[in-house]
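First up is the structure itself, then whatever we jot down about it.
Naming convention: chains lettered A, B, ... in sequence-line order (proteins, then strands); numbering from 1 in each chain. What's counted below: heavy atoms across the whole structure, side chains too, no hydrogens, waters or symmetry copies.
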Amino acid sequence: MKKKSNIIEIAHIKNSLGGRTIHNDLNLSIGKGEIIAIIGGSGCGKTTLLRAMLMLLKPEAGSINIFDIDITQCSQSQAQRVRRRWGVLFQNGALFSSLNLLENVLFPIKEYSNLPLEMQKEVAALKIALVGLEAEAGSKYPAELSGGMQKRAALARAIALDPELLFLDEPTTGLDPNSAGALDQLILQLREVLGLTIVMVTHDLDTLWTVPDRVAFLGEGKVLAIATMKELIKHEHPLIRDYFRSSRSQYSRNSHKTDGH
Amino acid sequence: MTAKAIAKLSNDGQLLSCEGDWTLFGIKKLPRSFLTLLSQCKDNLQVNAAEIQEFDTVGAFRLRQLISEAEKSGKKITLTGLSKRHEQVFQLIDQNIKKIESKKIVEKKQHHSLELLGFWAAGKYYNFLQYLAFLGEIIVGLIKMRAHGAQNLLQSGLKIIQTSGCQALPIVGMMSFLVGIVLSYQLGVQLKIYGADIYVVDATGIAILREFAPLMTSVIVAGRTSTAFAALIGTMKVNDELDALSTMGISAIERLALPRVAGLLISLPLLVVWSCIFSILGSMVMAKSQLHIGYIAYLQRFEISVPMKHYLLGMVKTPIFAVIISTVGCFQGFQAGITADSVGLRTTAAAVQAIFLIIIADAFFSVLFSWRGL
């Protein structure tokens, strides 16, 4: 029963990079419609875990089930079907620099759908509008966009095919607090309306307090804890205590406490 | 599996029921059939969306679009039966659809072919002017260089000699050897007819030392090294590394271009010497097997009939070629824009223009030498 409702099921995976063990017997399950944030200190393997889930890196042992398909040993066509059902927002946007914004969003639509081109363009324009960009921005090239606009454009490309699963790698990094807040709200709205499951890697404490349902803390090659933020900051583990002890996070926590009450 | 999106009109023409998956993959042939249905229906139409299974933004968008099209033609439409979740999707699209309806996205402007020719010609002209300016910057950079810069020049220059010179030895050697064989064979066939076998030494010797070795080597190095320079500097530009250098107060010309020019100025002439040796070797091997001229006989004849001046005339050209290759490569790199595309274009341009300029320079040298009677 439980297996059915889990979109992602990571079991006992092992990874090492350049002889250093990154993950050792790591387990994580993510349910449908959930927003999970992955956090942890630098070098704890957040990005490696994300890359493993995205099939960019094959774990040395263990299994990763996405949509009930074991992506560590599935066939090419199965992998392709999984890929069609997710969208990815890379840390730097990874927009194609030689295509303008509309073409960037159009790219996956063109690749996978057989709607008439005119309608594909309209769908792409709609996605650009959905992430809160002006229609004129469509004819601009990524290099002409500000960082915040690039993030939004990359998000538009990630949701171009109406994915069921969305991976966000540091969605709010490098944005001003206003844009970051707006992007947080946008992510929440997308989940609310489109019923997305979202996996995000982030360091932004404001985002952590507002967006995810649960937060997974990575350390020592494992998921040390997976809980809501309120529970996580009271966690006893020294690594987690250290992470939240900095004055910056104190401030953020206090402001959110006062918000809450 | 995704089911097709379907729209059915009831017999009395008052109820349109939508079924199936109204999603990106479900909607394929729907639009046309839907429009014909709309033309058949009555003025008051109820659209029932209760039977829609999957509903995504594309489906909502399509449904919204069709409803507004029908409303434009004067029909009154009421939408019913959307489930709560589908209703949310529909609302989201409804809010955003105005943004794309009000402002059409600007299409790229088409230019007339004459206009394009003008752009092309002007582009080439400005490109040439910029190249001259770049040569000037390099000379200024050389003059202004400080002691620290000179030390860096030596270090980076040695690395350039390593990559553009030492690592090119195998390919240059092999190509030269093969060119020597081909040249000797073609001449040998003709000379044999007249019994002038031994003149193969004169002909190949002079041709190789004066023309083939410098030209062949330069073309190989242009393809190999000029492109590498352009790609490296272009990628650095895309990554903002050039801006980083300039904010540190370090001249990119001094740090990147000068070592490359200097390094190639040393490595290219040496490669040409290497190429001469292997071309002559190839020629010797062919002369022996085809015309039965022994190695010793070949070399003795070579000493008598190929004066030193041919070798020197060949070598005189090489520094000019080295400057062309290195400056064109660096120049194209600096000219790169901020996209991945432009790096590719500039890398291609580096190879093409370097080879083009080498051949022009070579022709210029030929005219100059014949005018001086050399």
Donor-acceptor pairs are to be reported for all side-chain atoms of residues 119-131 of chain B against protein atoms at under 3.5 Å, with residues two or more places apart or in another chain.
residue	atom	partner	partner atom	Å
Tyr131(B)	OH	Thr327(B)	OG1	2.7

Just distance, no hydrogens or angles: give the donor-acceptor pairs under 3.5 Å from side chains in residues 73-83 of chain A, sequence neighbours left out.
residue	atom	partner	partner atom	Å
Ser75(A)	OG	Ser77(A)	OG	3.4
Ser75(A)	OG	Gln78(A)	N	3.3
Gln78(A)	OE1	Ser75(A)	N	3.1
Gln80(A)	OE1	Arg83(A)	NH1	3.1
Gln80(A)	NE2	Tyr112(A)	OH	2.9

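Taking chain A as the reference chain and counting heavy-atom pairs below 4.5 Å, the highest number among Val58(B), Ile93(B), Thr57(B), Leu24(B) is found for Thr57(B).
Here the closest heavy-atom approach between residue Met119(A) and residue Arg62(B) is recorded as CE-CD, 3.0 Å.
Among the residues in residues 340-351 of chain B, those with a non-hydrogen atom closer than 4.5 angstrom to a non-hydrogen atom of chain A are Ala340(B), Asp341(B).
Distance check: Gln88(B) CD to Gln189(A) CD gives 9.5 Å after rounding to the nearest 0.5 Å. Distance check: Phe61(B) CZ to Asp162(A) CG gives 12.0 Å after rounding to the nearest 0.5 Å. Atom CG in Leu194(A) sits 11.0 Å away from atom CZ in Phe55(B) (nearest 0.5 Å).
Taking Lys151(A) as the reference, nothing meets the salt bridge (Lys or Arg N to Asp or Glu O under 4.0 Å) condition, with sequence neighbours excluded.
Neither the backbone nor the side chain of Ile159(A) comes within less than 4.5 Å of any heavy atom of chain B. Contact of Gln120(A) with chain B is not made at all, since no heavy-atom distance falls under 4.5 Å.
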